[in-house]
Amino acid sequence: MTENSKTQPQQLDKNYDPLKIEDKWYEFWEESHCFEADPAADGEPFSMVIPPPNVTGSLHMGHALNNIIQDILARYQRQQGRNVLWMPGTDHAGIATQNVVERQLAAEGLGRHDIGRDKFIERVWQWREESGGTILNQLKRLGSSCDWRRERFTMDEGLSKAVREVFVTLYEEGLIYQGDYIINWCPRCHTALSDLEVEFEEHDNGKLWDLEYPLADGGGSIIVSTTRPETMLGDTAVAVNGEDERYRHLVGKEVMLPLMDRRIPIIADEYVDREFGSGAVKITPAHDANDFEVGLRHKLEIIKIMDEKGSMNENAGAYVGLTREECRERVVADLQKLGLLPATKDYQHNVGHCYRCRTIIEPYLSNQWFVKIKPMADQALAAVREGKTRIIPKNWEKTYFNWMENIRDWCISRQIWWGHRIPAWYCDACGKMIVAREDPDCCPHCSSPNLRQETDVLDTWFSSGLWPFSTMGWPESTATLKKYYPTSVLVTGFDILFFWVARMMMMGLKCMDEVPFKDVYIHALVRDEHGHKMSKSRGNVIDPLIIIDKYGADALRFTLASSAAQGRDVSLSEARISGYRNFVNKLWNAARFTLMNLEDFSPDTVIEKSNLSLAERWISYRLNQTIGEVTVALDEYRFNDAAQALYQFTWHEFCDWYLELAKPDLFQNEDAGRRKTAQAVLYRTLDQIVRLLHPIMPFVCEEIWQTLPQVTGAPESIMQTVFPKVAAEFDDALAAHEMAQLMEVITAIRNIRGEMNLSPGQRLAAVISGTDEDTINVLNNSSDCIANLARLTSLTIAKNAVRPPQSAVGLAAGLEIFVPLAGLVDFAQEGARLAKELKKTEKEFAGVSNKLNNQKFLAKAPPEIIEKEQGKHQELSLKLEKLRVNIKTLEQVTES
RNA sequence: GGGCGGGUAGCUCAGUUGGGAGAGCACCGGCCUUACAAGCCGGGGGUCACAGGUUCAAGCCCUGUUCCGCCUACCA
């Protein structure tokens, strides 16, 4: 931008074309260092960390909403003078990324084991170098103003160091332990999953099988029910409730496990629900979490019958080698043959699936690493209870509490290759384990060099849990941490409240001794126009990038902002986006109009308040109110309210009324002072509008702002301007009142025109009759405006003016407006018009009268409400009277 | 099973201390009025899911019913 181009008014194209300018301004912002955060600079800090998208991800509407909200906040706070850091980066997404690269290998006919761990990880890094930046570049197209110099990756060196530091510390404090437990196992990914990574789905094609187990002593049998008959091969007991009289005599006896011919005991355990099924349960400690617990209590044998692929192992007798599905069929068939399958019914139940690959989860006994979560959860609970972190909207707090209170230990080990490898080593010589910050060369216990590192890696969420401080350089003590931690707000969807937010809370409190963020703003899900989840299979996905190409980023941003009402999902449709694209274009054309009228204008012109016209006083006052509303709304994360206020003001007040009212002043050249003032107000108002809109629509606002003339000393970019502040000297309630009267009168005349089907080209005359001197004066002072906007040839305003013959009547602001229509229209229409108006008014009048006739209302309602109703009553009764008189007159006219 | 959110105009939804039912789109009528037809002007349309209750006054507060969505849970 040359100095010249910024001070001289430019021309704008007739239609706004986002593609022409968006890239240009984004580059300009980056080159001008507008996004960069400097901890040494002044300004109260405002910081956010981006929810790191998966490196494998590509931009969808959820990302778009999430980032647009953050960007609005970042840009708004910069304009408020805050020292803003918005930290970007990506997540290594262990299983997801590993799956992507495994698929690539599969295309080459290879498995990961064919190339080995080191080569595989190399391939993943290679993939990451090539494709890992895609999503971040897509975020840039939205306009995201992150400090890209600071981009981090959960697997980069610094973050890996943080991960190891945390792991070792927690281990040393006894908060990380290793043990054999039932975990959720994905037989396809060959790894353990945390409870959160299992998605339950209702299967209505499930079955509940009754199995009959004969007593070992031959004295009858006992029936158990199961949804997973194949697990019976690993049964080591049958349990009944000790209180259950039906079975009490059997406790202590044994049954002969069919197919396996193994004797297993009948035990009593309170876990068994007497009401369900037969009241007896088969116990498979190695393949069911509850059974595992029962097994521990009763010191039962634990028999694993499956391998890690979900196939039957050598403990499954004749069924070895079968998949779990094949095995189920065979077991059922074999029991049938033996007559030990008395009943099978259809049964609806929930089945867990792997959140990455949809494979059915197997509860599986294995050796895993866990975080003892309770102590950390307690801290995280307290922090929210004490208000150190606010969750917005507040109703999510309850969900957070509920989950935190019932949290179970977190399984953090994963049997995959891509991720942070657990820093534990096993010494083959002495059998001891070493957990250390630095890779050991030899065993510190026995000095043996034969160490094997743990092959498991950490759950991806372990590293993302550290994100708010690891990205700022922790465990080093950096200037960035000092300035920007804790962050101001975390913006995220509720779907990762537990996965991520809760873990950041726990890790932040543990490592930094301080909450990671003061606010958590939870936004909704983006759905399609009928409220359905967007999904590829439904075919209702709206791709943000295509939308940006078609309508521009600003239109998308404004749409999402205006739809983002707190606590409610966003229903998005392309029609809505195109509607807001029209708004962008409207603003654009308002700017065009403004520029066309500023050729001879100096932006340094000072506005003399006493010179302002009514319209100018009004628009300045309304601007003030809008500034106030938008500021409060953005401070409270009410983005839809901010967008709505700006839309209404810009389009329906600034464009629809003010620009029309300003035209006569701008177009005339008899009164130079009047024109100068009009230019100054026009310029000021538009300048403030684009600054107010900048957080939501940065691109078009920058283009307009750059094209507008600038005051001396203006900054380089609209990003660096100050957010408009309420200017008390323009507060002017009287102007608002008078303007409302003016607008009412103009609308009344337009209504007559519209209802009578008179084209705008058809000029009319009008006579306004009133009784109130003040109102008459107001209208007289603005009679040119009325004539202009109502398209009149002549206008007479007088006290008790005479009604011209054959005129239509409009009632507004306590006035009668006569529009002579002799020879112009069929007068029958006027009768219908007035009758309609009368009906409406009578209804309103009846409502108010009822209220005022109610003694209780008069006795109990606050005086100001009563006064208001009385005022309305009087106004309406006058209006009714006038209407009736006019209808009567009309009847006489048409009769004659 | 527990919890949460929602049922307001044809559609998608706003409606923050209870006091005149709103927006956008769609629809109807009139307009190329020299910033914008991606526009301008005017208009029609709602027993605010249902039933009770509190109150002078309820879309808003309370109770119940019903329908829809989501989260959560170890009933085999």
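Basis for what follows: all heavy atoms, side chains included, without hydrogens, waters or symmetry-related copies. In what follows, every chain begins at residue 1, and chains take the letters A, B, ... in the order their sequences are listed.
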Heavy atoms under 4.0 Å is the rule here; annotate nucleotides 71-76 of chain B 5' to 3' with B where the base is hit, S where only the sugar-phosphate is, and - elsewhere.
--BBBB
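The same atom, P, is picked in B:A9 and in B:A21; the two are 16 Å apart, to the nearest Å. As rounded to the nearest Å, B:U17 and B:U72 have C1' atoms that lie 33 Å from one another. Nucleotides B:G43 and B:U47 are separated by 24 Å at their C1' atoms, to the nearest Å. Nucleotides B:A23 and B:G45 place their P atoms 14 Å apart, quoted to the nearest Å. Comparing the same atom, C1', in B:G15 and in B:C48 gives a spacing of 11 Å after rounding to whole Å. Nucleotides B:U63 and B:G29 have their C1' atoms positioned 48 Å apart, rounded to a whole Å. B:C11 and B:C70 have their C1' atoms separated by 23 Å, given to the nearest Å. For the C1' atoms, the distance from B:C31 to B:G7 is 40 Å, rounded to whole Å.
The closest side-chain donor-acceptor pair between A:Tyr683 and A:Thr594, if any, does not fall under 3.5 angstrom. In the model, A:Lys282 has a side-chain atom that pairs as donor or acceptor with a side-chain atom of A:Thr231 under 3.5 Å. Counted by atom type alone, A:Tyr355 and A:Glu197 present one or more donor-acceptor pairs between their side chains at under 3.5 Å. A:Gln566 and A:Tyr521 share no donor-acceptor pair across their side chains, judged by distance under 3.5 Å alone.
Contacts of A:Asp291 with the nucleic acid, taken as non-hydrogen atoms under 4.0 Å apart, are absent. Contact annotation for A:Leu659: base contact, defined as any heavy-atom pair under 4.0 Å involving a base atom. Here A:Arg576 lies in heavy-atom contact (under 4.0 Å) with a base. A:Trp209 comes within contact range of no nucleotide atom at all, as no heavy-atom separation falls under 4.0 Å. Using a 4.0 Å heavy-atom criterion, one finds that A:His652 contacts the sugar-phosphate atoms exclusively. Across all strands shown, A:Gln762 has no heavy atoms under 4.0 Å from either base or sugar-phosphate atoms. As judged by a 4.0 angstrom heavy-atom cut-off over every strand, A:Gln644 is placed among residues touching the sugar-phosphate backbone only. No contact: A:Ala575 has no heavy atom under 4.0 Å from any strand.
A centroid separation of 6.0 Å or more is found between the aromatic rings of A:Phe494 and A:His523.
Judged by distance alone with a 3.5 Å cut-off, no donor-acceptor contact links the side chain of A:Lys14 to the base of B:C36.
For the pair A:Arg592 and A:Ile752, nearest-nucleotide mapping onto RNA chain B gives the more 5' position to A:Arg592. Comparing A:Phe857 and A:Asn395, the nucleotide of RNA chain B nearest to each residue sits closer to the 5' end for A:Asn395.
At whole-Å resolution of the value, CG in A:Leu497 and C1' in B:C4 are 13 Å apart. Put simply, CZ on A:Phe583 is 13 Å from C1' on B:C36, counting in whole angstrom units. One atom, CG of A:Asp641, and another, P of B:G22, lie 18 Å apart when rounded to the nearest Å. One can place CD of A:Glu653 at 13 Å from P of B:A23, the figure rounded to the nearest angstrom. Atom CZ of A:Phe558 and atom P of B:C25 are 12 Å apart (whole Å). Spacing between atom CD of A:Glu199 and atom C1' of B:C70 amounts to 13 Å, rounded to whole angstrom units. At whole-Å resolution of the value, CG in A:Leu525 and C1' in B:G69 are 11 Å apart. Rounded to an integer number of Å, the gap from CD of A:Gln566 to C1' of B:G15 is 14 Å.
The side chain of A:Ser571 lies closest to B:C13 when the candidates are B:C56, B:C13, B:C36. The listed nucleotides are B:C41, B:U16, B:A35; the one nearest the side chain of A:Glu660 is B:A35. Of the candidates B:C41, B:A35, B:G19, B:C41 carries the atom nearest the A:Asp656 side chain, counting heavy atoms from C-beta on.
Rounding to the nearest 0.5 Å places SG of A:Cys785 at 11.0 Å from CD of A:Glu660. Put simply, NZ on A:Lys843 and CG on A:Leu838 are 13.5 Å apart, with the number rounded to the nearest 0.5 Å.
Side-chain N/O atoms of A:Lys398 include none lying less than 4.0 angstrom from OP1 or OP2 on B:G5. An OP1 or OP2 oxygen of B:G39 is reached within less than 4.0 angstrom by a side-chain nitrogen or oxygen of A:Asn582. In this model, the phosphate group of B:C40 is approached by a side-chain N or O of A:Lys586 to a distance below 4.0 Å at OP1 or OP2.
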Nucleotide N/O to protein N/O under 3.5 Å, stretch nucleotides 43-46 of chain B:
{"residue": "B:G43", "atom": "OP1", "partner": "A:Asn751", "partner atom": "ND2", "Å": "3.0"}

Read 5' to 3' with Watson-Crick or G-U pairs under 3.5 Å, [ ] for crossing pairs and | for partners on another strand, RNA chain B gives ((((((((.[[[[.)...(..]]]].(((((.......))))).....[[[[[..)....]]]]])))))))....
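Residues A:Leu572 and A:Leu65 fail the side-chain proximity criterion, which asks for heavy atoms closer than 4.5 Å.
Residues A:Glu837 and A:Thr841 come closest through the heavy atom pair O-OG1, 2.7 Å. Here the shortest heavy-atom pairing between A:Tyr551 and A:Ser578 reads CE2-CB, 3.4 Å.
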Are A:Phe498 and A:Tyr400 close enough, and set up right, to give a ring-ring contact (aromatic ring centres under 6.0 Å, His included), and what steps lead you there?
CA-CA 8 Å; A:Phe498 306 136; A:Tyr400 173 88; 7.9 Å; no
Applying ring-ring contact (aromatic ring centres under 6.0 Å, His included), run through A:Phe583 and A:Tyr16 and close with a yes or a no.
CA-CA 11 Å; A:Phe583 175 62; A:Tyr16 173 61; over 10 Å; no
side-chain contact (heavy atoms from CB on, under 4.5 Å) assessment of A:Arg274 paired with A:Val240:
CA-CA 8 Å; A:Arg274 286 144 56 176; A:Val240 297; over 6 Å; no
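Taking 4.0 Å as the cut-off between side-chain N and carboxylate O, A:Arg390 and A:Glu397 do not count as a salt-bridged pair. Salt-bridge check for A:Lys839 with A:Glu844: failed, with every basic side-chain N at 4.0 Å or more from each acidic carboxylate O.
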